[in-house]
Amino acid sequence: MSQSRFAAIILAAGEGTRLNSARPKVLHEIAGQPMIRHVIDALRPLDPAEIIVVIGRDMDSVARAVAPAPIVIQSPPRGTGDAVRAARPALADRLAQGGVTDIIVLFGDTALLRAETIAELLDSRRRAPEVAVAVAGMRPADPAPYGRLVLDRDGALMSIVEAKDASAAERAIGLCNGGIMAIDSRHAFGLVDRIGNDNAKREFYLTDIVAIARTQGLSCRVAELPAEELLGVNTRGELAAAEALMQERLRRRAMEAGATLIAPETVFLAADTRFGRDVVIEPNVVFGPGVRVADNVVIRSFSHLEGAEIASGAIVGPFARLRPGAVLEADVHVGNFVEVKASRLGAGVKASHLSYLGDSDIGAGTNIGAGTITCNYDGFSKFRTVIGERAFIGSNTALVAPVTVGDGAYVATGSVVTSDVPADALTIARARQVDKPGRAAALRAELKGKKS
Ligand code: UD1
Ligand code: MG
């Protein structure tokens, strides 16, 4: 293992009251993923020795969302400094082993933070051995709610003053505390232990460690980082703004991976959407979580996809819906108003119009006619439909599951298939047509007489 690793403490015990939600703040989603998972994802490439998440009582859902990262409970929440203190026992063994040079403290609601930015903060702390604390500084458009960074003449950080405790002169400072800190692990908990709560909110402010470090002859510095990445989400408006910024970033990444987005601003992506090369996404497509798209796929307008895997050469939409467990193998065509759920469509399968394919397995080269429905649910249980290779399912066929259609079978239009179809059979499962020559005129006369 590398000699200079860091441990991360993510604070998420606050109540997030301004979202007016029954859900803990850090579980609100951006790009289909809870905010706190974005923070963890930003840490991962930096190979932290440990990630500890501080949560409040009754936040089991947060514990599940961050698993396998260990959690500690801070109860009651008495401030950011107190939250860091709560994480100490969980880190004790790791610190005793050595090799952890820094503790990075982050907040669970800064979903836009990137790995590169965390690395910059870490470098800033490590660049000079006398620097005990590096604080992420930012210049937001509206500094009002943030702690202000007070610098001395040489640009060294003297203290952080919370907005509620700041004098008029301090409130005029535009350089604000972005909330993230890198702290020399040798000093971290010693400094945190000395934090008091003599302030406007009667809380233990983590930010006080800067002034405490100075009194001990240690120095602190600011790493000025992009405000956009440090903005915490506290309201629904900020959630929407963060979503918009994240979407821009994901669209750019998709295009860099070799996908053409004809109207990128109309395409919505999940954090884990993955594209191959020469993919074309037409306007107005939504990707939920868990979609993988291979090379040379075309996704046509107004399609909605989640939990789907699409192999090369496939064409999807317009107006297609792929739900979790949809697997489209090479060169599959799924057309308008076709819904696919928990189904594998083998290479070259065509389902071009108006179908529901659920809990099914469809062999390569099979044609699914317009209006085909797999009747997979009897109101209580779900059943599977299995269709072999090179089969032909005529339009408006109802396949009443559980049912199997053999390779090469030909099912006539309008069939209601309730029992297995042998391979290579022609199956007609509908009422036979009756023609009565010349009866049309007589029927009309009869109906006309009834009308008056
Ligand atoms: C904090 C900073 C402020 C900075 C701002 C940046 C302090 C004292 N202030 O203020 O300087 O400009 O962030 O966004 O640190 N939390 C706990 N336990 C607690 C309190 C908070 O885990 O007892 C967590 C919250 O869940 C949240 C984070 O710590 O993720 C920050 O808390 P918050 O109350 O939002 O701090 P701010 O007032 O925004
Ligand atoms: Mg905040």
Side-chain angles (χ1 to χ4, degrees), residues 8-19 21 23-28 34-36 38-40 52-59 62-63 66 71-88 90 104-113 121 133 135-140 142-150 157 159-166 170-171 173-181 183 191-192 195-212 220 222 224-235 238-239 242:
I9 303 175
I10 305 177
L11 307 190
E15 276 147 11
T17 43
R18 280 177 288 164
L19 279 176
S21 172
R23 226 193 309 177
K25 170 159 88 168
V26 298
L27 294 189
H28 283 261
M35 289 198 277
I36 196 162
H38 286 280
V39 179
I40 292 174
I52 309 284
V53 182
V54 182
I55 65 173
R57 203 167 277 295
D58 301 325
M59 287 195 186
V62 180
V66 302
I71 50 112
V72 298
I73 292 172
Q74 180 205 15
S75 178
R78 295 187 302 166
T80 49
D82 180 61
V84 171
R85 217 181 277 160
R88 182 184 206 157
I104 297 191
V105 180
L106 312 93
F107 296 162
D109 64 353
T110 50
L112 293 165
L113 196 60
L121 178 69
V133 184
V135 174
M138 61 171 182
R139 294 184 186 275
D142 175 18
Y146 296 105
R148 306 301 207 282
L149 303 183
V150 183
L157 180 61
S159 62
I160 306 179
V161 186
E162 287 306 290
K164 282 198 170 150
D165 301 292
E170 286 163 342
R171 278 200 298 274
I173 297 172
L175 185 61
C176 296
N177 176 19
I180 310 170
M181 287 186 191
I183 314 169
L191 293 171
V192 167
I195 298 173
N197 67 345
D198 182 16
N199 53 50
K201 287 167 85 177
R202 293 265 149 236
E203 282 187 358
F204 295 86
Y205 291 162
L206 176 63
T207 45
D208 284 353
I209 67 167
V210 169
I212 296 167
C220 303
V222 178
E224 205 172 318
L225 301 171
E228 171 195 308
E229 290 185 43
L230 296 168
L231 295 178
V233 170
N234 300 301
T235 64
E238 287 166 358
L239 186 66

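FYI, the numbering just counts along the sequence from 1. Side chains included, hydrogens not; waters and symmetry mates left out as well; all remaining heavy atoms used. One-based numbering, in listed order, for ligands and for the atoms of each.
In terms of modelled atom types and a separation under 3.5 Å, the side chain of Arg202 and the main chain of Asn197 share a donor-acceptor contact. Proximity of a side-chain donor or acceptor of Asp208 to a complementary backbone N or O of Ile212 within less than 3.5 Å is not detected. A donor-acceptor pair under 3.5 Å is formed between the side chain of Arg148 and the backbone N or O of Ile173. With Asp165 contributing its side chain and Ala200 its backbone, the two residues share a donor-acceptor pair below 3.5 Å. Side chain of Arg171 to main chain of Ala166: a donor-acceptor pair is present (N/O by atom type, distance under 3.5 Å, no hydrogens or angles). Remark: the backbone N or O of Val233 is paired with a side-chain donor or acceptor of Lys25 at under 3.5 angstrom. Side chain of Gln74 to backbone of Gly79: a donor-acceptor contact under 3.5 angstrom is found.
Among all heavy-atom pairs drawn from Ala83 and Leu11, the shortest one is CB-CD2, 3.8 Å.
Residue Tyr205 has at least one heavy-atom neighbour below 4.0 Å for each of these atoms of ligand 1: 8 (C). Listed by number with element, the atoms of ligand 1 under 4.0 angstrom from any heavy atom of Ala83 are 17 (C), 18 (N), 22 (O).
Atoms CZ and CD1, from Arg88 and Ile9 in turn, are 10.5 Å apart once rounded to the nearest 0.5 Å. Interatomic distance, CG of Leu191 versus SG of Cys220, reported as 8.0 Å (0.5 Å rounding).
No more than 12 heavy-atom neighbours from other residues, nucleotides or ligands sit within 6.0 angstrom of CG on Asp198. Counting heavy-atom neighbours within 6.0 Å of Arg23 CZ, excluding the residue itself, gives a total above 12.
Less than 4.0 angstrom separates atom 38 (O) of ligand 1 from at least one non-hydrogen atom of the protein. In this structure, atom 12 (O) of ligand 1 is in close contact with the protein, since a protein heavy atom lies within 4.0 Å of it. Within the 4.0 angstrom cut-off, atom 34 (O) of ligand 1 has no protein heavy-atom neighbours. Distance check for atom 23 (O) of ligand 1: a protein heavy atom is found below 4.0 Å.
Using a 4.0 angstrom heavy-atom cutoff, Gly232 does not count as in contact with ligand 1. Residue contacts with ligand 1: Thr207 is included, with a non-hydrogen atom under 4.0 Å away. For the pair Glu203 and ligand 1, no heavy-atom separation below 4.0 Å is found. For the pair Gly108 and ligand 1, a heavy-atom separation below 4.0 Å is found.
Shortest contact from atom 9 (N) of ligand 1 to any protein heavy atom: Glu162 OE1, 2.9 Å. In terms of protein heavy-atom proximity, atom 18 (N) of ligand 1 is closest to Gln74 OE1, 2.7 Å. Ranking protein heavy atoms by distance to atom 16 (N) of ligand 1, first place goes to Gly14 N, 3.8 Å.
In terms of polar-atom proximity, defined here as any N/O pair under 3.5 Å, Gly147 does make such a contact with ligand 1. At under 3.5 Å, not a single nitrogen or oxygen of Leu206, backbone or side chain, sits near a nitrogen or oxygen of ligand 1. Not one N or O of Asn234 is nearer than 3.5 Å to an N or O of ligand 1, by distance alone. At a 3.5 angstrom cut-off on N or O pairs, Gly79 counts as close to ligand 1.
Counting heavy atoms only, Phe107 comes closest to atom 31 (C) of ligand 1 of the residues Tyr146, Phe107, Phe204. Looking at Val84, Asn177, Leu11, it is Asn177 that brings a heavy atom closest to atom 6 (C) of ligand 1. The residue from Val62, Ile36, Thr80 that puts a heavy atom closest to atom 21 (C) of ligand 1 is Thr80.
Contacts with ligand 1 closer than 4.0 Å are made by backbone heavy atoms (N, CA, C, O) of Arg78 only, the side chain lying farther away. The backbone and the side chain of Pro77 each have at least one atom closer than 4.0 Å to an atom of ligand 1 (non-hydrogen atoms only). Proximity of Lys201 to ligand 1, defined as any heavy-atom pair under 4.0 Å, is confined to the side chain (atoms from C-beta onward).
Remark: of the listed residues Glu229, His38, Glu228, Glu229 is the sole one forming a side chain to side chain contact (heavy atoms under 4.5 Å, CB included) with Leu113.
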Q: Could you give me the CA-CA distance, side-chain angles and deciding distance for Thr207 and Thr80, then say whether side chain to side chain contact (heavy atoms under 4.5 Å, CB included) is met?
A: CA-CA 8 Å; Thr207 45; Thr80 49; 5.6 Å; no
